[in-house]
Amino acid sequence: GWSASRQWTKFPEQQSALIQLEADQTYYIEALQKEGGGGDNLAVGWTRPGESTIEVIPGAYLSPDNIGIDAPAQSKLDFGVINNVSDAWIAVDLAQSYADMVVLATPSYNAADLPVVSRVRVTAPNQFEVRVQNPGNAAIPADYDVHYLVAEKGVYAGGGAFMEAAVIDATTVDSDSSWVGNSVAFQQSYANPVVVGQIMSDAGTGWSAFWASDGVAANPPNGTALYVGRHVGEDANTTRADEKLAYFVFEAGSVQIGNVLLDAGVGSGTVAGLDDSPPYNYSLNASADAAVLSSAGMGGANGGWPVLVDSTVFPTNQIGLAIDEDQLGDTERSHSAEQVAYVAMAAVPDEPLSADPVVTTPQVTGSMINFTVTASGAAAPLFNWNFGDGSPETGFGPNASVQHNFAAPGRYVISVTIRDPDTLEEVTIQFVQLVHHPLTASAPTGSSSIALNEPLSQVWIVNPDNDTVT
């Protein structure tokens, strides 16, 4: 039912059960509003410890939920290179299964080969099919390599990843006479977005290629504007069946997701055609095993698409590429220099999750003690701390360093469980913290023999220096 603004207690359903909040932990809050009519208002409040009034949670304690409603349970990727691809479908089996797979593919060839675009279609949770297509539908021999990248559809903002994988219906077609695209919204904020995409269906016989812009044809997408589309270059036939348009958005830079190192960027406007002087090299942060490319804006009026160039695809820390054209309006393959979006992938050796031993020194009761654990084998490990004194565990979070105080002296066994959010692998280490009362002003010089009270599990000692018994 409807309640007035800040009328917190009209319905019992407005209030949750009591929730104990722990410092440095993140809590997910969701409020749903159903519009019926009349005025609109929605707020979430809390009652702080020791208070009885309800107040709106201040914005300083809130942050947007970047996980996304359809976020994958964990970040996972597949990538690779398929050899000897022709115009016939080839099945590609993957190491992982996907509930809603998104696939991008980029062909690799040189000027001696016919121009082709890649076509993909998903056939099973762990399989897709790929082929290459010549815009003039010429027969294509099995001479082409195709690089691919696969991810689960959704929004990623954790575990080292900051990206999104999306699929939309492509109902419009751009060409040399019209460069518009489809305006789509980013699902999270990017300072320097890198957009790569693919026609991910095979609804018709006509070819097309992916491109993206900021709404101005010659410009790449920016942090506030994204247009994606498919184009047919100089093809006089611009009629195409509706198809699925898949695209990834990455924040520019390098990131490791699972065992895959990604290097994403939008290069300078220096990439010209296969009939010019290829390859045109972009520098990478590291060497790569495969890459996918897309047009970042369309400066050349004829239209084109970026391809990887054979024999010089991956020189040391570089990627070699060029722009190809359809040869339908003319046979030349020269092209004005363009910007290209790229995502280069490299396999990272699988390092088991582990942590270094933690060394402690005795501390005084009530003092704040700093603890730090160093973990390896995960890009963004999570930590759950148990201090062994009966206080609540921290819960999994990104804090490798924490503080804690112990109210009583003792020998405390502290446990830290480290989790890899990509693989869900866990490892637990333990170490001992000794805690004692404050030291006396004068150091002891002697003591009595130790007396054992076995029935009560007590140990007694006389301290003649200060006339005490412990």
Side-chain angles (χ1 to χ4, degrees), residues 22-26 66-67 71-80 94-96 149-152 154-163 250-265 283-291 314 316-317 343-361 363 368-388 391-404 412-434:
E22 299 291 337
D24 299 319
Q25 297 302 303
T26 301
N66 287 327
I67 300 302
Q74 65 185 85
S75 304
K76 57 181 178 181
L77 298 174
D78 277 290
F79 77 92
L94 303 172
Q96 307 177 90
L149 174 62
V150 179
E152 193 77 78
V155 181
Y156 300 70
F162 196 82
M163 56 172 281
F250 293 87
E251 185 64 63
S254 297
V255 65
Q256 183 176 334
I257 301 178
N259 292 333
V260 181
L261 180 64
L262 298 165
D263 189 352
S283 295
L284 302 175
N285 292 317
S287 60
D289 300 320
F314 298 119
T316 304
N317 292 13
V343 179
M345 298 83 70
V348 178
D350 189 10
E351 179 183 0
L353 186 63
S354 63
D356 295 341
V358 178
V359 178
T360 64
T361 58
Q363 300 291 324
M368 194 63 70
I369 308 172
N370 296 310
F371 300 103
T372 298
V373 63
T374 302
S376 58
L382 303 176
F383 303 88
N384 180 32
W385 292 81
N386 183 320
F387 297 101
S391 61
E393 295 184 355
T394 62
F396 282 101
N399 298 318
S401 295
V402 295
Q403 292 183 322
H404 191 73
Y412 296 96
V413 178
I414 300 174
S415 300
V416 187
T417 300
I418 303 106
R419 174 186 293 171
D420 184 341
D422 294 323
T423 65
L424 301 185
E425 179 186 3
E426 291 185 359
V427 64
T428 299
I429 64 168
Q430 292 183 325
F431 57 93
V432 173
Q433 176 64 60
L434 296 178

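Residues: numbered from 1 along the sequence shown. Everything numeric here is computed off the predicted structure, so don't read it as measured data.
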Is it true that a side-chain atom of [X] and a backbone atom of [Y] form a donor plus acceptor pair closer than 3.5 Å?
X    : Y    : value
S401 : T372 : no
E251 : M163 : no
W385 : A400 : no
D263 : L284 : no
Q433 : T361 : yes
N384 : G395 : yes

Nearest-0.5 Å distance that lies between atom [atom1] in [X] and atom [atom2] in [Y]:
X    : Y    : atom1 : atom2 : answer
D78  : L94  : CG    : CG    : 4.5 Å
Q363 : Y412 : CD    : OH    : 13.0 Å
E425 : D420 : CD    : CG    : 6.5 Å
L262 : Q256 : CG    : CD    : 9.0 Å
I418 : L382 : CD1   : CG    : 10.5 Å
Q96  : K76  : CD    : NZ    : 5.5 Å

Would you say that [X] contacts [Y] through its side chain, given a criterion of any heavy-atom pair below 4.5 Å between the two side chains?
X    : Y    : result
T417 : F383 : no
I429 : V358 : yes
M345 : L149 : yes
S376 : E351 : yes
F387 : E393 : no
N386 : T394 : no

Margin query: Checking S415 against T428: is there a side-chain donor and acceptor pair closer than 3.5 Å?
Written below: no
Item checked: Modelled atom types, side-chain donor and acceptor of S254 and N285, under 3.5 Å ->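 Note: S254 and N285 side chains meet the donor-acceptor criterion.
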How close do [X] and [Y] get, heavy atom to heavy atom, and via which atoms?
X    : Y    : result
V343 : A264 : CG2-CB, 4.1 Å
G80  : A290 : O-CB, 3.9 Å
Y156 : A151 : OH-CB, 4.0 Å
P381 : A378 : CD-O, 3.6 Å
A291 : A344 : CB-CA, 4.0 Å

Next item on the list: List the steps and the verdict of side chain to side chain contact (heavy atoms under 4.5 Å, CB included) for F371 and V416.
Entry: CA-CA 10 Å; F371 300 103; V416 187; over 6 Å; no
Margin query: For a side chain to side chain contact (heavy atoms under 4.5 Å, CB included) check, start with the C-alpha distance between V150 and F79, then their side-chain angles and the critical distance, and finish with the verdict.
Written below: CA-CA 6 Å; V150 179; F79 77 92; over 6 Å; no
